[in-house]
Amino acid sequence: MASLQPVRGTHDLLPEDARRHRFITDMSRFIAGRFGFEEIVTPIFEFTDVFKRTLGDTSDIVTKEMYTFEDRSGDSLTLRPEGTAGVARAFISGALSNNLPLKFFYTGPMFRHERPQKGRLRQFHQIGVELLGVATPQGDIEAIALGAEVLRGLGVLDKTQLEINTLGDKESRDAYRAVLIAYFSDFADKLSEDSRARLERNPLRILDSKDDGDKRIVAGAPSFADHLTPAAQDFFAQVKAGLSLLGISFTINPRLVRGLDYYCHTAFEFTTDALGAQGTVLAGGRYDGLIGTMGGPQTPGVGWAAGVERLAMLIPEPPAAERPVAVIPVGSLAETVALQVTHALRKAGFIADLGYSGNLSKRMKRANKLNARFAVILGDDELARKAAMLRDLDSGEQAEVPLLELRDRLAQTR
RNA sequence: GCGGGUGUAGCUCAGUUGGUUAGAGCGCCAGAUUGUGGAUCUGGAUGUCGCCGGUUCAAUUCCGGUCACUCGCCCCA
């Protein structure tokens, strides 16, 4: 086994994997385009503060998962651990607030120093969308509908379930948080160690604990639904109604939460049971407070991100590579003609492969391995007649074709 | 970051109760077929038995460490 290994948690994408990824990014970009989302490309690293301010000082990502380094001018930079912060920063830097609403699609690598697992890498890839400037439930509905359409386009929608929840508005959440802390504090000594830490940082998370003891305590916890303001209830009702109107099925998961203060209203996740512990495939929510928190104008936003590697694992077969035409010279005289023919076919838009060496048999084997559709065989006999033997590699039939007609004959079969 | 499992050929895996030349299938290469691939047959090459150290006359096998992968937790895409 080779001793030269890639950095832990990083991964080479060999052509078959790369094709799978390209299919995912191309398809999602295309479908996002139908919804009016245009691609935005932001840098792969930002000033560390961009992520610290958006993700909060206590989040796991900021406290232990960022690839942060100092560059030669002494600035603290961080490889982006997620995509929203960069888009929000671009929105502020570019003073785009008078063009609202804005609809962005992005794709690219993200970096988190986590312990790798299946579906969890240190460099991974995401696709995502951000819809800025729409404060009404229409935005949430459109974002979720787009997510569902992307999954459908990829052929994986039926392998996922959509779960949604509401985090309410700030008023609802503050009230609920206080009630929750009061409730759980009574049980503090009985909670698991993890949950005791969550009581400080993010009490909502306790609701989703997998610890059996915690679950018993959670069962008696006050319900968020009882603390939603009428406005927040109405907002959520409209989101649900919109999804139903579009035929998007969902379940409500009251334990689906987001930790940071700027999240509000709708949180949603498309999950699968096919990927073990990393079941979340596409997830997002509304973040009306984010841009304001970063120092920009108060601007509502809703968006989601999806893991390309996780999506790739749900796609059983990668899309087939395009099938080439194999040009096969027989004898050294034919080599120069083969080079010309190959070049002409490439200029005409065909994928043409000119084997580099070997006799006819060997080159035919190579053509077969490349899954070539046709072989163009150039030997002395054919060349004497300014023709080539055109062999259909699927049927095994072959016929001589004048060189001048080769291009049109091949074009007919496309 | 915490706990468990695994690591033998390019891939999937057998095997060695510690003993001399470590195996299979698939794949790869060559030939049967010097102008015809896919099927078949014949032959060939695979390899620090993850890495480092310890115990031992002897370690791929036992022990320790380490690295990688993997499962769960945490968290997330």
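When reading the values below, keep in mind they use all heavy atoms of this one structure, side chains included, and skip hydrogens, waters and symmetry mates. In what follows, chains are A, B, ... by sequence order, proteins preceding strands, each numbered from 1.
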Taking N and O atoms by type only, does the side chain of [X] place a donor or acceptor under 3.5 Å from a partner on the base of [N]?
{"X": "A/Gln398", "N": "B/G35", "value": "no"}
{"X": "A/Asn368", "N": "B/G38", "value": "no"}
{"X": "A/Arg112", "N": "B/A77", "value": "yes"}

Base, sugar-phosphate or nothing for [X]? Non-hydrogen atoms, less than 4.0 Å.
{"X": "A/Leu370", "result": "nothing"}
{"X": "A/Gly119", "result": "base"}
{"X": "A/Ala305", "result": "sugar-phosphate"}
{"X": "A/Asn371", "result": "nothing"}
{"X": "A/Glu269", "result": "nothing"}
{"X": "A/Gly279", "result": "nothing"}
{"X": "A/Arg391", "result": "base"}
{"X": "A/Glu309", "result": "nothing"}
{"X": "A/Gly396", "result": "base"}

Would you mind reading off the distance between [X] atom [atom1] and [N] atom [atom2], rounded to a whole angstrom?
{"X": "A/Ile315", "N": "B/A77", "atom1": "CD1", "atom2": "P", "result": "19 Å"}
{"X": "A/Arg255", "N": "B/C75", "atom1": "CZ", "atom2": "C1'", "result": "17 Å"}
{"X": "A/Asp381", "N": "B/G35", "atom1": "CG", "atom2": "P", "result": "11 Å"}
{"X": "A/Asp380", "N": "B/G35", "atom1": "CG", "atom2": "C1'", "result": "10 Å"}
{"X": "A/Arg120", "N": "B/C2", "atom1": "CZ", "atom2": "C1'", "result": "12 Å"}
{"X": "A/Glu82", "N": "B/A77", "atom1": "CD", "atom2": "C1'", "result": "11 Å"}
{"X": "A/Met364", "N": "B/A39", "atom1": "CE", "atom2": "C1'", "result": "14 Å"}
{"X": "A/Phe374", "N": "B/G37", "atom1": "CZ", "atom2": "P", "result": "18 Å"}

Using the salt bridge (Lys or Arg N to Asp or Glu O under 4.0 Å) rule, pick out the option among [options] that qualifies with [X].
{"X": "A/Lys103", "options": "A/Glu39, A/Glu142, A/Glu130", "value": "A/Glu142"}
{"X": "A/Glu400", "options": "A/Arg385, A/Lys386, A/Arg391", "value": "A/Arg385"}
{"X": "A/Asp353", "options": "A/Arg366, A/Arg363, A/Arg323", "value": "A/Arg366"}

Any carboxylate oxygen within less than 4.0 angstrom of a Lys/Arg side-chain nitrogen, looking at [X] and [Y]?
{"X": "A/Arg34", "Y": "A/Glu149", "answer": "no"}
{"X": "A/Asp392", "Y": "A/Arg373", "answer": "yes"}
{"X": "A/Asp174", "Y": "A/Lys170", "answer": "yes"}

Integer angstrom distance from the [atom1] of [N] to that of [M]:
{"N": "B/U12", "M": "B/G7", "atom1": "P", "value": "13 Å"}
{"N": "B/G64", "M": "B/G27", "atom1": "C1'", "value": "38 Å"}
{"N": "B/G10", "M": "B/C28", "atom1": "P", "value": "15 Å"}
{"N": "B/G15", "M": "B/G72", "atom1": "P", "value": "27 Å"}
{"N": "B/G44", "M": "B/U70", "atom1": "P", "value": "37 Å"}
{"N": "B/A14", "M": "B/C75", "atom1": "P", "value": "36 Å"}
{"N": "B/G65", "M": "B/G5", "atom1": "P", "value": "12 Å"}
{"N": "B/G54", "M": "B/U60", "atom1": "P", "value": "13 Å"}

Qualifying residue, where the test is side-chain contact (heavy atoms from CB on, under 4.5 Å) with A/Val401 and the options are A/Glu382, A/Arg407, A/Arg409: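 With A/Val401 as partner, side-chain contact (heavy atoms from CB on, under 4.5 Å) holds for just one option, A/Arg409.
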Any A/Arg198 side-chain nitrogen or oxygen under 4.0 Å from OP1 or OP2 of B/C75: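 Affirmative; the distance criterion is met.
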Whether A/Phe187 and A/Tyr183 hold their rings parallel, tilted or perpendicular, with breakpoints at 30° and 60°: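 Aromatic pair A/Phe187/A/Tyr183 classed tilted.
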A/Tyr287 and A/Tyr263 aromatic ring geometry - parallel, tilted or perpendicular at 30°/60° bounds: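 Perpendicular.
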What nucleotide among [options] has an atom nearest to a side-chain atom of [X]?
{"X": "A/Ile377", "options": "B/A77, B/G38, B/U36", "answer": "B/U36"}
{"X": "A/Lys118", "options": "B/A77, B/C71, B/G37", "answer": "B/C71"}
{"X": "A/Arg115", "options": "B/G3, B/C75, B/G35", "answer": "B/G3"}

A/Thr78 and A/Thr68 side chains, donor-acceptor separation under 3.5 Å: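 Checked: A/Thr68/A/Thr78 side chains pair up, N/O donor to acceptor below 3.5 Å.
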Which residue lies more 5' along RNA chain B, comparing A/Asp392 with A/Arg310 via nearest heavy atoms: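 It is A/Asp392 whose nearest nucleotide is closer to the 5' end.
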Between protein and nucleic acid, restricted to nucleotides 29-34 of chain B and to nitrogen or oxygen atoms under 3.5 Å apart, what atom pairs and distances do you find?
| unit_1 | atom_1 | unit_2 | atom_2 | d |
| --- | --- | --- | --- | --- |
| B/A30 | OP1 | A/Lys362 | NZ | 3.1 |

